[in-house]
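Working notes for the structure below.
We name chains A, B, ... by the order of the sequence lines, and we start the count at 1 in each one.
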Protein chains: 2
Amino acid sequence: MTSEELVRTFMSRVWNSGDLAAVDQFVASQYTIHSDPGDPWDGQTLDRDTFRQRLLTSRAAFPDLSFGIEDAVCSPERVAIAWTMRGTNTAPMGGRPATGSRVEARGITIYYCDKGYVTGHRQVVDRLTVVRQMGLAG
Amino acid sequence: MTSEELVRTFMSRVWNSGDLAAVDQFVASQYTIHSDPGDPWDGQTLDRDTFRQRLLTSRAAFPDLSFGIEDAVCSPERVAIAWTMRGTNTAPMGGRPATGSRVEARGITIYYCDKGYVTGHRQVVDRLTVVRQMGLAG
């Protein structure tokens, strides 16, 4: 599997389907979030259980969360993807009640790959659009 | 010059030094902004004079604007870079008076390259950090 196939399958199975068991298959035992402004785990290295926690937390607030990949730049050990995230905030998040808002926002992520696993990422999300669509103050 | 060298030199000469003459050397005659949420030229194709206008507009508001590249993913026709932008808002921007704020925010850009020129980009900037650091409402 090329790094591009790995990342596309990881996005489909882990993030779009929320398949917790697939984490063992695609995510390295140590997963480093090199940079992800606003993410509660920014700068941390996660084991697989903590990765599942992060996945569950995100998908609990937006149960229909999905990422559509719009473009990719691929090298053997890094894959950058530009995506649009769509989801409906139907459950509380970060101590805030559910807003019922439909969110559609863009982001770009660089995924790091090694030996058939995703080992971490560096990401920027258009959070200003997210807070505006959710009716929250910037 | 590889696509990576092209993009790194373009960032240094055009964006960090603000060299208007260098636009002819590095920027294609038609430059397409495929996606750049919040950018006034999002979705447009710019000729070189319009590109210079965009460069001048950005650097007028932040005369010390600079981008530090933290990582890159390179393929022959696409280069993704993760960067940190730093600058001080010492002149009016978008109808707002200068705030004097020092801004430091992260972004990721995919640059498209063809025949030795940069032909466009797709970008996400952590605008929420920018508006917060400038004391503006989200």
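Taking 4.5 Å as the limit, some side-chain heavy atom of B:W41 sits within range of a side-chain heavy atom of B:T57. B:L55 places a side-chain heavy atom less than 4.5 Å from the side chain of B:L20.
Between the side chains of A:E70 and B:S35, not a single donor N or O lies within less than 3.5 Å of an accepting N or O. One side chain, A:T88 or A:R102, offers a donor N or O that lies under 3.5 Å from an acceptor on the other. With no hydrogens or angles considered, a side-chain donor-acceptor pair links B:N89 and B:T99 at under 3.5 Å. Between the side chains of B:T119 and B:D114, no donor-acceptor pair is found at a separation under 3.5 Å.
Interface summary for chain A: among B:V73, B:T129, B:I110, B:V125, the most heavy-atom pairs under 4.5 angstrom belong to B:V73. Among A:D71, A:V130, A:V79, A:T109, the residue with the largest count of heavy-atom pairs under 4.5 Å with chain B is A:D71.
Residue A:A105: no heavy atom, backbone or side chain, is found under 4.5 Å from chain B. With a threshold of 4.5 angstrom between heavy atoms, B:Y111 does not approach chain A through any atom at all. Using a 4.5 Å cut-off between heavy atoms, B:E77 does not touch chain A at all.
Checked against the 6.0 Å centroid criterion, the rings of B:Y117 and B:Y31 do not qualify as a close aromatic pair.
Using a 4.5 Å heavy-atom cut-off against chain A, the contacting residues of residues 42-51 of chain B are B:D42.
Both A:F62 and A:W83 are members of a single hydrophobic cluster when ILVMFWY side chains are connected at heavy-atom separations under 4.5 Å.
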